[in-house]
Amino acid sequence: MNTCRFKHAIFLLVLSGLAGCGADPLGALIGSGNAVENTALPQAAMSFGDVTLVPPPGFCIDQRNLSEDFAMMARCDVLGAPEEVGDVPLGMIAFSLYRTESDTALPDPATTAAAYGLDEIKDEVTQPNSVIFRATGRAPIQQMDAQHWRGNALISGHIIALALYGPRGGRAVSEEGRQLLSTVIQQIKVRE
């Protein structure tokens, strides 16, 4: 996996997206910053139309941080669509997509931890084509919890890599976060 691309995308999100909404990126996430231009998408075609990403309820895709192989999702009100929120935790989800050969193995938590400099791997749940686990590593912005959720999945010739960050001690870093990543994986649509 290209860890530099992932880290660069997180950095760009903070600078171009959230930091542009106010002096404090987390303040912008919580909604105490200035009004946000609506950049919220309910779904997005990726990998040249082979994969459609559908966020979990209350989350939207940030149009400013979307490419064929990368997307950022945040609570919809953060992206200017407050009517779409409901009772969901504050957080941001990074989604990366990599084309792979059909015999490629699902990256396990230890491989992911080594690639991203993570430790304290725990709460692992493995399904036939996916794994979700909690890890500790450097948070993308200071106010976010270093403990976060990670997920990997193999879907129709693609490896999916996910990371969910939230405020320290917030709902996104609780067990609720695992379900958010599970929902992202379950809702992915692939072209037949």
Side-chain angles (χ1 to χ4, degrees), residues 1-18 25-26 46-47 50-51 53 55-56 59 61-62 65-74 89 91-188 190:
M1 291 187 217
N2 187 338
T3 57
C4 290
R5 183 184 322 156
F6 177 77
K7 290 177 182 175
H8 179 70
I10 291 281
F11 180 72
L12 284 178
L13 172 76
V14 173
L15 289 182
S16 69
L18 301 178
L26 190 60
M46 300 177 71
S47 190
D50 288 343
V51 173
L53 173 61
F59 276 72
I61 299 165
D62 184 353
N65 292 287
L66 175 65
S67 69
E68 292 299 326
D69 59 4
F70 183 82
M72 288 300 292
M73 294 170 271
M92 61 185 195
I93 303 170
F95 176 94
S96 297
L97 187 64
Y98 306 92
R99 286 189 182 274
T100 188
E101 302 298 323
S102 59
D103 61 346
T104 300
L106 177 69
D108 62 17
T111 302
T112 303
Y116 294 105
L118 306 174
D119 53 52
E120 297 182 40
I121 305 303
K122 59 186 177 181
D123 302 327
E124 177 182 335
V125 173
T126 302
Q127 300 292 328
N129 291 315
S130 68
V131 61
I132 298 174
F133 58 96
R134 200 184 319 236
T136 301
R138 188 168 173 238
I141 59 176
Q142 187 177 11
Q143 296 88 342
M144 290 195 166
D145 204 321
Q147 186 175 97
H148 60 282
W149 287 99
R150 292 276 176 159
N152 298 322
L154 280 172
I155 297 175
S156 188
H158 295 84
I159 292 178
I160 309 297
L162 296 158
L164 168 60
Y165 292 93
R168 287 189 193 111
R171 290 168 54 197
V173 297
S174 74
E175 286 295 318
E176 222 172 325
R178 180 201 318 270
Q179 186 55 48
L180 286 173
L181 292 190
S182 179
T183 300
V184 172
I185 292 168
Q186 291 169 11
Q187 293 185 163
I188 291 170
V190 292

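The salt bridge (Lys or Arg N to Asp or Glu O under 4.0 Å) test applied to R178 returns E175, not counting sequence neighbours. Among residues two or more places apart in sequence or in another chain, the salt bridge (Lys or Arg N to Asp or Glu O under 4.0 Å) test is passed with E176 by R171.
The shortest non-hydrogen separation linking L118 to A135 is CD1-CB, 3.9 Å. Contact record, M73 with I61: CG-CG1, 3.8 Å, taken as the closest heavy-atom pair. In terms of heavy atoms, G151 sits closest to L181 at N-CD1, 3.9 Å.
The structure places OG of S47 at 5.0 Å from CG of L97, a figure rounded to the nearest 0.5 Å. Note that CG of L66 and CE of M46 are 6.0 Å apart. Values are rounded to the nearest 0.5 Å. With values rounded to the nearest 0.5 angstrom, F95 atom CZ is found 14.0 Å from L164 atom CG. In this structure, CD1 in I93 is found 9.0 Å from CG in L53, a value given to the nearest 0.5 Å. Going from atom OG1 of T100 over to atom CD1 of I155 covers 12.5 Å, rounded to the nearest 0.5 Å. Note: D50 CG to S156 OG = 7.0 Å, rounded to the nearest 0.5 Å.
Side chains of L154 and I159 form a contact here, defined as non-hydrogen atoms less than 4.5 Å apart.
Residue pairs meeting the salt bridge (Lys or Arg N to Asp or Glu O under 4.0 Å) criterion with at least one member in residues 107-128, sequence neighbours excluded: D123-R134.
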TODO: Apply side chain to side chain contact (heavy atoms under 4.5 Å, CB included) to the pair H148 and R138, showing each step before the final yes or no.
DONE: CA-CA 10 Å; H148 60 282; R138 188 168 173 238; over 6 Å; no
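Side chain of D69 to backbone of Y98: no donor-acceptor contact under 3.5 angstrom is found. Under the 3.5 Å distance criterion, the side-chain polar atoms of R168 are matched with a main-chain donor or acceptor of Q142. In this structure a side-chain-to-backbone donor-acceptor pair under 3.5 Å is missing from N65 to M72.
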